[in-house]
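These notes concern the structure reproduced below.
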Amino acid sequence: MGSGKAEEIKARIEAEDIGFVIFDNPLSPVQQRNLNRLWGVPVLDRTELILDIFAQRARSNEGKLQVELARIEHQLTRLVRGWTHLERQRGGIGQRGGPGEKQIELDRRMLDGKARRLRERLHRLARQRRTRRRARGRNDAYMVSLVGYTNAGKSTLFNALTGAGTYEADQLFATLDTLTRRLRLPNGEMVVLSDTVGFVRDLPHQLVEAFRATLEETAQADLLLHVVDVSAADRDEQVEQVERVLAEIGAAEVPTIVVFNKIDAAGLTPEVGRDPCGSIDRLWVSSRTGEGLDRLRAVLAERAAASRTVGQADAGQADAGSQSQLQHIDGGAPEAEPADHQPVVVPMAASGPSGARA
Ligand SMILES: Nc1nc2c(ncn2[C@@H]2O[C@H](COP(=O)(O)OP(=O)(O)OP(=O)(O)O)[C@@H](O)[C@H]2O)c(=O)[nH]1
Ligand SMILES: [Mg+2]
């Protein structure tokens with residue numbers, strides 16, 4: 001940003017009585033200090049904004065520790081970035097022997113120590129969580145995780161499916177703590193459903209690191225429901241960003257069904273889409289009105305049943321709808337079934353006897 005632009009913004013801040021300024025990209029400590037001085041209002045960058053929101057939302061002990069760790073990691077990167085500058089500056093104004101350098105080294109050691117202790121506590125918590133899960137016998141259950149961009153409607157879908165009162169709100173990162181519930185499906189199948197923290201474009205690296213334990217659980221799910229706000233203007237970009245984070249946490253290979261949510265807001269009707277093998281891999285639903293959710297339940301039931309009968313490797317193969325699931329289990333020949341080898345989108349109303357409402 002040139003000085004002309006900075007002056008222009010200063011004029012707007014004064015004219016419109018603006019309280020603070022947020023940059024959509026990283027700022028160095030020096031840039032931040034200079035702009036703050038020029039404009040007389042707080043100046044945040046994107047990472048700090050996201051960290052602030054996370055800090056406000058964290059409820060559980062683990063969530064709070066994760067945010068604190070992310071904050072410290074962020075401070076550490078800034079310390080390193082600011083360091084050379086400070087060193088040069090202090091040298092320039094003739095201070096002896098670099099007291100700034102010494103102070104920064106002390107700060108860095110203190111922060112390093114804090115980060116290490118936090119990581120140890122988080123490790124212990126993650127271990128306890130794994131032990132608890134084993135005790136509950138959840139390792140055998142079919143695990144389904146809701147993932148998606150923040151505000152896509154994961155918690156709303158979670159509530160609609162489980163009847164649980166998870167916090168849902170029209171705000172970013174409403175959910176920070178993974179919440180898990182058992183869900184009984186129409187065919188009597190039991191699955192374990194988890195609601196998770198939402199993703200966002202350019203999720204600060206420190207946050208991905210701090211939330212790694214939580215996110216890695218996602219990677220261990222048997223199935224991901226990738227919830228997409230179909231009414232969002234930038235939904236394709238959101239999908240891409242979520243896929244990128246999933247790859248980063250090692251979840252790219254987990255079988256995934258894309259759930260296009262909020263069809264009521266987009267003026268769409270419930271539909272399903274199939275992969276080239278005929279398996280449903282996309283559904284259009286509204287978590288608010290409940291449209292399309294019966295079909296989603298049926299698909300979940302089928303995937304869970306298939307994973308138990310034919311083993312994980314084939315779990316994605318045998319789920320073309322609740323009726324056809326019965327055919328498969330009754331000995332129908334699934335490999336002979338899909339005639340078309342192209343992905344097709346089947347409107348639910350027109351999907352024949354195996355179709356609309358399970
Ligand atoms: N119109 C409409 N709004 C929905 C639907 N599903 C969710 N919403 C709204 O979208 C907003 C976000 O919903 P949440 O369920 O909190 O979203 P989330 O994905 O859990 O968000 P984070 O926890 O922040 O990642 C809320 O205001 C919901 O009421 C839907 O099917 N239709
Ligand atoms: Mg949520």
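Whatever order the structure lists ligands and atoms in, that order sets their numbers, starting from 1.
Taking every heavy atom of G198 and a limit of under 4.0 angstrom, the matching atoms of ligand 1 come to 25 (O). With ligand atoms numbered from 1 in the order given, ligand 1 contributes 15 (O), 17 (O), 18 (P), 19 (O), 20 (O), 21 (O), 22 (P), 25 (O) to contacts under 4.0 Å with heavy atoms of K154. In the vicinity of S155, heavy-atom distances shorter than 4.0 Å reach the ligand 1 atoms 15 (O), 18 (P), 20 (O).
The distance from atom CZ of R303 to atom OG of S279, rounded to the nearest 0.5 Å, is 5.5 Å. The CG atom of N159 sits 7.5 Å away from atom CG of D195, with the distance rounded to the nearest 0.5 Å. In this structure, CG on L185 lies 8.0 Å from CZ on R297, to the nearest 0.5 angstrom.
V242 and G148 make their closest contact through CG2-C, 3.7 Å (heavy atoms, listed as atom of the first residue, atom of the second, distance). K10 and L38 make their closest contact through NZ-O, 2.9 Å (heavy atoms, listed as atom of the first residue, atom of the second, distance).
Residue pairs meeting the ring pair (Phe, Tyr, Trp, His ring centres under 6.0 Å) criterion with at least one partner in residues 255-281, sequence neighbours excluded, are F260-W284.
The N/O atoms of A152, backbone and side chain alike, include one that comes under 3.5 Å of an N/O atom in ligand 1. Residue V285 has no nitrogen or oxygen atom sitting less than 3.5 Å from a nitrogen or oxygen atom of ligand 1, judged on distance alone. Between T196 and ligand 1, not a single N/O pair is under 3.5 Å apart.
Each of L146, L225, V228, V299 was checked for a side-chain contact (heavy atoms from CB on, under 4.5 Å) with V259, and the lone residue meeting it is L225.
Side chain to side chain, S194 and T180 meet the donor-acceptor criterion of an N or O pair below 3.5 Å.
When G290, G292, S287 are ranked by how near their heavy atoms come to atom 31 (O) of ligand 1, first place goes to S287. Across the listed options D264, L157, V259, D264 owns the non-hydrogen atom lying nearest to atom 1 (N) of ligand 1.
When heavy-atom distances to ligand 1 are checked against a 4.0 Å cut-off, N261 comes that close only through its side chain, counted from C-beta outward.
Residue contact check for ligand 1: G148 places no non-hydrogen atom closer than 4.0 Å to it.
For a distance bound of 2.8 Å, the N, O or S atoms of S155 include one lying that close to the Mg ion (ligand 2).
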